[in-house]
Amino acid sequence: MNTFNLKHTLESGQFFRYDPMGEWNYLAERDKFFKIRQIGKKIEFVGTSPEHINRLFGLDQKYSKIIKNLAEDETLIPALEKYNGLRIMQRDPWETLVSFQCSIMSNIKKIKLNLNLIAKEFGKPLALDSVKQHSFPNPGEINDLDRVKSCATGFRARYIHAANALVDDKYFENLRKKKYEDAHSELMELPGVAAKVSDCICLFALDKMQAFPVDVWIERIMKETYPETKNMKNDEIRQFAWDRWGKNAGYAQQFLYHWARLKD
DNA sequence: GACCAGGAATTGG
DNA sequence: CCAATTCATGGT
């Protein structure tokens with residue numbers, strides 16, 4: 001198997017409903033609830049299929065090729081080495097959409113709280129070993145604005161509630177087939193989805209590996225690392241990223257993000 | 001570029 | 001303990 005580091009991957013702001021318990025990590029996404037651990041190079045999991053694991057953690061990507069390509073940019077090398085094995089996940093698009101609608105003016109801890117409350121409020125009970133969880137509701141099932149508000153979502157509740165009525169799983173499968181630019185702009189038609197949130201969905205759920213979400217962390221680290229971006233606006237930073245890293249821009253972003261958040 | 005958004009977490013009393 | 005303040009971030 002290619003290089004994979006479970007810890008780096010889970011802790012890099014792509015996935016929220018996971019709980020470490022001893023060596024194991026319990027993960028919930030949509031109707032799946034499973035546990036996974038990594039000991040040395042060995043990955044073990046219970047509660048889902050190898051296909052799902054390969055897909056979710058991007059284990060079928062040409063990782064060494066991507067890293068080798070990014071390493072041509074010398075400034076990335078420290079991050080590439082330190083967080084070797086960090087993968088871009090390929091998640092369920094619907095839960096990813098709601099996750100990043102929740103991310104507006106929020107933080108990882110609170111996003112996690114919001115998603116678990118939504119699952120508890122609208123999903124079905126699940127259990128593995130003696131650990132309890134809830135499935136994430138399907139599109140169309142988050143259909144009561146007051147109950148969405150009761151999940152501590154605040155002003156985001158109306159975004160989530162409105163998007164819930166506009167999409168279904170098929171909508172996302174169609175987006176997956178489209179090219180990045182089209183998928184990106186279509187997603188922005190949804191309430192609570194502007195460029196950044198759209199890029200997160202493209203990158204983490206729709207196989208659009210050139211997507212380059214620019215949040216405050218990326219903006220900061222880009223301007224520190226590449227002085228020529230100092231006065232750029234976010235969409236100019238994205239263009240800079242594509243000029244520099246092309247189709248691997250998404251991976252560059254993920255390493256930079258993790259580096260920016262953990263370096264100090 | 002300014003303005004706005006709701007709640008959790010933390011601090012101060 | 002409760003009240004006040006801080007924190008954190010992206011959409012419009």
Side-chain angles (χ1 to χ4, degrees), chain A residues 11-19 88 91 93-122 142 144-167 171 175 180-206 208 210-225 229-241 249-250 252-264:
Chain A
E11 291 178 354
S12 63
Q14 314 177 56
F15 190 92
F16 306 97
R17 294 208 296 145
Y18 74 94
D19 290 297
I88 288 183
R91 304 193 39 205
W94 163 240
E95 189 168 338
T96 304
L97 164 63
V98 178
S99 300
F100 286 97
Q101 284 179 312
C102 288
S103 77
I104 304 169
M105 203 182 102
S106 192
N107 52 62
I108 290 173
K109 194 172 174 184
K110 204 184 148 196
I111 297 166
K112 192 170 170 175
L113 173 73
N114 291 151
L115 293 171
N116 281 324
L117 288 172
I118 290 170
K120 198 180 242 177
E121 183 67 29
F122 294 96
I142 308 184
D144 182 326
L145 182 57
D146 286 334
R147 283 165 65 209
V148 186
K149 282 187 176 155
S150 79
C151 300
T153 50
F155 66 92
R156 307 161 198 83
R158 63 188 174 87
Y159 299 153
I160 297 164
H161 180 255
N164 172 72
L166 293 172
V167 306
Y171 165 90
L175 282 184
Y180 164 67
E181 291 79 4
D182 293 343
H184 186 261
S185 55
E186 267 196 52
L187 281 167
M188 286 176 63
E189 293 171 13
L190 298 173
V193 182
K196 189 270 177 183
V197 169
S198 181
D199 268 326
C200 288
I201 302 163
C202 285
L203 182 61
F204 301 136
L206 296 175
K208 306 293 182 268
Q210 70 271 58
F212 194 84
V214 182
D215 68 356
V216 290
W217 294 94
I218 287 294
E219 186 183 352
R220 199 176 302 150
I221 198 73
M222 285 294 284
K223 288 177 179 177
E224 279 175 23
T225 312
T229 65
K230 193 85 184 169
N231 296 309
M232 289 185 183
K233 292 188 294 185
N234 286 358
D235 58 339
E236 295 171 318
I237 294 178
R238 288 162 82 221
Q239 189 59 56
F240 176 89
Q253 183 273 163
Q254 200 58 22
F255 277 96
L256 286 166
Y257 177 85
H258 207 46
W259 178 261
R261 290 181 55 101
L262 299 183
K263 72 186 169 72
D264 294 322

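Numbered from 1 within each chain, the chains take letters A, B, ... in sequence-line order.
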Comparing A:N107 and A:I104 on DNA chain C - which has the more 5′ nearest nucleotide: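 Nearer the 5' end of the strand: A:N107.
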Checking contacts here: which listed nucleotide ([options]) is nearest the side-chain heavy atoms of [X]?
X	options	value
A:A152	C:dT9, C:dT12, B:dA8	B:dA8
A:F155	C:dT9, B:dA5, B:dA8	B:dA5
A:V197	C:dT9, B:dG7, C:dG11	C:dG11

Side-chain heavy-atom pair A:K196, A:V214 within 4.5 angstrom cut-off: no
A:F155 and A:Y159 aromatic ring geometry - parallel, tilted or perpendicular at 30°/60° bounds: perpendicular
Round to the nearest Å and state the distance from [X] atom [atom1] to [N] atom [atom2].
X	N	atom1	atom2	value
A:I108	B:dA9	CD1	C1'	16 Å
A:Q101	C:dG11	CD	P	10 Å
A:K233	C:dG11	NZ	C1'	16 Å
A:I218	C:dA8	CD1	C1'	17 Å
A:L97	C:dG10	CG	C1'	15 Å
A:D235	C:dT12	CG	P	16 Å
A:K112	B:dA9	NZ	C1'	16 Å
A:N234	C:dG11	CG	C1'	12 Å

B:dA8 OP1/OP2 closer than 4.0 Å to side-chain N/O of A:K110: no
Under-4.0 Å side-chain N/O to phosphate OP1/OP2 contact, A:W217 with C:dA8: no
Along DNA chain B (nearest heavy atom to each residue), the more 5'-positioned of A:R156 and A:K109: A:R156
Separation between CZ of A:R91 and CD1 of A:I201, rounded to the nearest 0.5 Å: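 It comes to 10.5 Å.
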P atoms of C:dA8 and B:dG12, separation to the nearest Å: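 These two P atoms come out 15 Å apart once rounded.
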Ring centroid separation A:F100 to A:F16 under 6.0 Å: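 Yes; A:F16 has its ring centre under 6.0 Å from that of A:F100.
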Option among A:L187, A:L97, A:L166 that satisfies the side chain to side chain contact (heavy atoms under 4.5 Å, CB included) test with A:Y171: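 Only one of A:L187, A:L97, A:L166 forms a side chain to side chain contact (heavy atoms under 4.5 Å, CB included) with A:Y171, namely A:L187.
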